Amino acid sequence: MDIPKQYSPKETEEKWLSFWNKNKFSHASCQNGGESYAIVIPPPNVTAALHMGHALNNTVQDILIRWRRMQGYNTLWMPGTDHAGIATQNVVEKQLARENRSRDDLGREKFIDHVWKWREEYGGKIINQLKKLGCSCDWERERFTMDEGLSRAVKEVFVRLYNKGLVYQGDYIINWCPRCHTALSDEEAEHRDLDGALYYINYTVKDTGEKITVATTRPETMLGDTAVALNPKDERYAKLKGKKIVLPIVNREIDVIGDEFVDTSFGTGIVKVTPAHDPNDFEMGLRHNLPSINVMNHDGTLNEKAGPYKDMDRFHCRKQLVEDLKESGYLVKIDKHQHAVGHCYRCHTIIEPRLSRQWFVKMKPLAEPAIKVVLDKKITFLPNRWEKVYLEWMTNIRDWCISRQIWWGHRIPVWTCQECGKLTVAVDDPTQCASCKSKNLVQDNDVLDTWFSSWLWPFSTFGWPDVTPDLKFFYPTNTLATAPEILFFWVARMIMAGLEFMGDIPFQDVYLHGTVRDDSGTKMSKSLGNTIDPLDVIEEFGADALRFSMISITAQGQDVYLSPSKFEIGRNFANKLWNASRFLLMNFGEETESFTPYKKEDLSSDDKYILGLLNKTIKGVTEALEQFRFNEAAQIVYDFFWHSYCDKYIETAKPVLYGDDKDAKHTTRMVLFDVLNQTLKMLHPFMPFISEELWQLLHSIFPDDTELANYKSIMVAPWPKSDDAMIDDTIINRVDQKFEMVSAGRNLRSEYDIPPSSELTFFIKPETGELQSYFVSELIMLKKFLRASSITIDTEFEPQSGLPSAVVKAGTIFMSLEGALDAEKESDRLEGKLDKLRKALMGIRKKLSNQSFVNNAPANVVEKERGKEAELSEQCEKIEQNLAFIRSLLK
RNA sequence: GGGCGAUUAGCUCAGCUGGGAGAGCACAUGCCUUACAAGCAUGGGGUCACAAGUUCAAAUCUUGUAUCGCCCACCA
């Protein structure tokens, strides 16, 4: 068989992708029954291109899904995309702008048509990219948050909440993005510390002409001031109470109010009150019945209320106003001042707090049960610390502003009657007013927050509000894997929605992985230009390499630091797998051999050794996966495969394979096959493509092997089960001692600079007779590993001339030298070794002579120390003997 | 202002319920040994940020300090 020395992922990945797709291995049906295991994908935005965050997120999910599928669960991974209201509208508007057109040129209906067309043409390309990554979603079920079904769920939810009094319309201060021209929720406002200024401005007291100074960070809002506030305890308040204050420049008269909110120690202790542009001022306005003056347009320019500043941009106005105040002598001073400023999470424009009529969801009643299920451990967070973050947010939850002044999204199902002015709220478009029966209805112009559809994702994707068989079977889902960034946006809200509308939790485990950063620790983002494109990595290293590398460096919930060189881990590992398999294929191909599994009684100690370690590995990997310790699972298989199977077992197998004993050969082949087969299965969730390729190749060697015929794909082959009966620690320990002896011999060779090409004579003095007979039976092996022409094994061996030696657990190994021994060098070498051992021994002896250690430490710990003490002192003694002999040569 | 995370080898990081400091990369030396140079063998390298405490025993638990990073918060 002619197989290239290097694994090239490209064709392999394409081949199996279409194979899986054709055979629909990832399609789930509730009719197959069994125990369900379901994950709903965090739907990426339709506008998205695959980035490393997606790659990590979806690799984690695919590992879980593939693993559970192999374990025999009825497994479903529900895929789909999010319509991403503002983000998508922005993208399409930008595209229009390039053609010198705006959404207003098109008008609402045509614009929405245009977005749908855009989606068909360019949107959802991320789905194909996820396929390339190897994601085994049930692609037949792909959903979109604006699908007909999901849209119905959205309306249903709105109506239900409205009827329950949990959705209401009101005038409040909301976060307004002057660039997107829409309201945002509190979560959509990102607070960033900015170096701003605190402006001190003089206002005039009308009667007395006296000046009072207020401090503000946003002087332009002065134009909308309707009062000046002091703390009632402030003695200045008594003097000013009832007086009128004249606003500079605009010369409008406003009142003085007393309010506990005012902090006497901040600024001047006198606050300008702008109810239409500040949440605190708004509250004060309500308390004191103040008028609200909104001085801004929706695009952040000043309106007619701003007098001379009309049509000016808010920041231009600020500059001009400060200039004017300075000129007219009202500006006292400007202090540097750092403060948190809200930014639009979509376009990063500075948000304007603005009084506006919007729709809200009352959250407290929804939050209560969602707090309870977490406290009751019905939902667990991994890592656990996120539970606290979740509870903190939930307990201090504020109402959710859900209306958006954009066009792309779910239109609010509310109609206003033009006759009686009453509202009709309905799932199906009403033909007449619910109260006066007039047909003259106008639908609310706004659409809903994107998250108002995604919070229903775990059940809307199964057909809710219909109680479908899928919904009954797969809900609640099992695991949700996502990034902590959307804990509040999405995870928390899904829990609330699940409980409210399904009466049950949406998922049991929430696995929150870290954020992907570049190797300087900066979050990867397109705008910073520090991204690594996963598709480039797939192109260069392969999807398996990308997945394996990323997972093996991702500790549970810690952030991931990526640089291109990291992907070599996975690429090299894939290549190692490739070559080990190549070795098997080369040695299996020569004769058609029937597939007869090895018999336990025919196994050599090396066979038992590797099978023992295999079973330990299966146990370790399975446990690690159960605990969501993906990096550990990957590490365990990696280490087993590379350092035990390849470095040790394949090497011990070679003399057998190249020898004449047909039965031994067959047994060895079957063990080689079995162990690699099981390893490939364990690796499948991590490296789906190469594991499939090699599994298919290996199984195709044996015409009478049934696994390939039974399962057709490793994807649905059974997950390995560990068998304790296969783990014999005595044998594992003995074989380990053999390898330790080999290493000691190799070390001697290396320290004496003897090239591997020259064959040497070794003498092994085993510790016990039992080891002697074991080593004798392993003579061929030992000769191969040590590149020795002859090895003498004798418990009574005493060197007649000076020989370099090394002491290990199993005994002493001596190396013959062609020329005479440099006794001085050897004595130095031995002294060095002895020194190290003695230091270790001293530490242990000190411990053991400590009465409180012996009395207080558990018996097994003390016993272990005693064992170590015996072992080390014996080794020291032997080295001392050897050293004495060498020294005698020096005299 | 509150909360959280990180600090371990030159670099990137593991180290779960306290009991022998680990991996990968890099480095040094030697090897194209009939699976693999994307490899093999051998080796060097760490006051586990600092300080105090609990304990027979601390990288691991407690408290505090420092540095970096993140999240939340309506002091104008």
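Small disclaimer: the values here were computed from a predicted structure and weren't measured. The sequence lines fix the lettering, A, B, ..., with proteins before strands; numbering per chain opens at 1.
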Using whole Å, what does the distance between atom C1' of nucleotide B:rC70 and atom CD of A:Glu392 come to? 16 Å
B:rU7 and B:rG44, which share atom name P, separated by this distance in whole Å: 27 Å
Examine distances only and state if a side-chain atom of A:Asp639 and a backbone atom of A:Gln635 form a donor-acceptor pair shorter than 3.5 Å. no
Expressed as a whole number of angstroms, how long is the span from A:Met550:CE to B:rC13:C1'? 16 Å
Over 12 foreign heavy atoms within 6.0 Å of CG, A:Leu194: yes
What interatomic distance, in whole Å, is found between C1' of B:rC16 and the corresponding atom of B:rC11? 26 Å
Determine the interatomic distance between P on B:rA23 and the same-named atom on B:rU65; round to the nearest Å. 36 Å
Rounded distance in Å - NE2 (A:His339) to P (B:rA76): 7 Å
Integer angstrom distance from the C1' of B:rG53 to that of B:rG45: 32 Å
Can you say whether the rings of A:Phe641 and A:Phe573 are parallel (under 30°), tilted (30 to 60°) or perpendicular (over 60°)? perpendicular
Send over the distance from A:Met394 CE to B:rC71 P, rounded to a whole Å. 20 Å
What distance, rounded to whole Å, do you find between the two P atoms, one in B:rA58 and one in B:rA52? 13 Å
For the pair made of NZ in A:Lys566 and C1' in B:rA14, what is the distance, rounded to whole Å? 13 Å
Of all heavy-atom pairs linking A:Ala744 and A:Ile813, the shortest is CB-CG2, 4.0 Å
Using atom C1' in both nucleotides, what's the gap between B:rC4 and B:rG18 to the nearest angstrom? 24 Å
Which nucleotide, B:rA76, B:rU12, B:rG3, lies nearest any side-chain atom of A:Val271? B:rA76
Heavy atoms only: give me the nearest A:Phe548-A:Gly570 pair and the separation to one decimal. CD2-CA, 4.2 Å
Letter per nucleotide, 5' to 3', of nucleotides 31-45 of chain B [B base touched, S only sugar-phosphate touched, - untouched; heavy atoms, 4.0 Å]: --B-BBSBSSSSSS-
Answer yes or no: does a side-chain N or O of A:Arg629 lie under 4.0 Å from OP1 or OP2 of B:rA14? no
Residues, nucleotides or ligands: over 12 heavy atoms within 6.0 Å of A:Lys619 NZ: no
Ring-face cation of A:Lys825 near A:Tyr752 (centre distance under 6.0 Å, axis angle within 45°): yes
Hey, which of these two, A:Lys388 or A:Val262, hits RNA chain B nearer its 5' end, going by closest nucleotide? A:Lys388
Need one value for A:Gln627: base, sugar-phosphate or nothing, where a base atom within 4.0 Å counts as base even if backbone is also close, heavy atoms only. base
Using atom CZ of A:Arg749 as one end and atom C1' of B:rU29 as the other, report the distance to the nearest whole Å. 14 Å
Euclidean distance for P, B:rA51 against B:rU60 (whole angstrom): 12 Å
Axial cation check for A:Tyr203 ring with A:Lys272, 6.0 Å and 45° limits: no
Determine the Euclidean distance between corresponding C1' atoms of B:rC32 and B:rC70; express it in Å to zero decimal places. 50 Å
Separation of atom CZ in A:Arg192 from atom P in B:rC72, rounded to whole Å: 12 Å
Rounding to a whole Å, what distance do you find between A:Asp281:CG and B:rC75:C1'? 11 Å
So which protein N/O to nucleotides 55-57 of chain B N/O distances come out below 3.5 Å?
from   : atom 1 : to       : atom 2 : distance (Å)
B:rC56 : O4'    : A:Ser852 : OG     : 3.4
B:rC56 : O2'    : A:Asn850 : ND2    : 3.2

Check whether A:Phe583 forms a cation-pi arrangement with A:Lys654 (NZ or CZ under 6.0 Å from the six-membered ring centre, at most 45° off the ring normal). yes
Note: for A:Gln635 and A:Ala215 on RNA chain B, the residue whose nearest nucleotide lies more 5' is A:Gln635
So which heavy atom on A:Glu188 is nearest to which on A:Leu184, and how close? OE1-CA, 3.5 Å
Mind checking whether A:Phe488 and A:Trp393 have parallel, tilted or perpendicular rings, split at 30° and 60°? parallel
With a 4.0 Å cut-off on heavy atoms, is A:His277 in touch with a base, just the backbone sugar-phosphate, or nothing at all? nothing
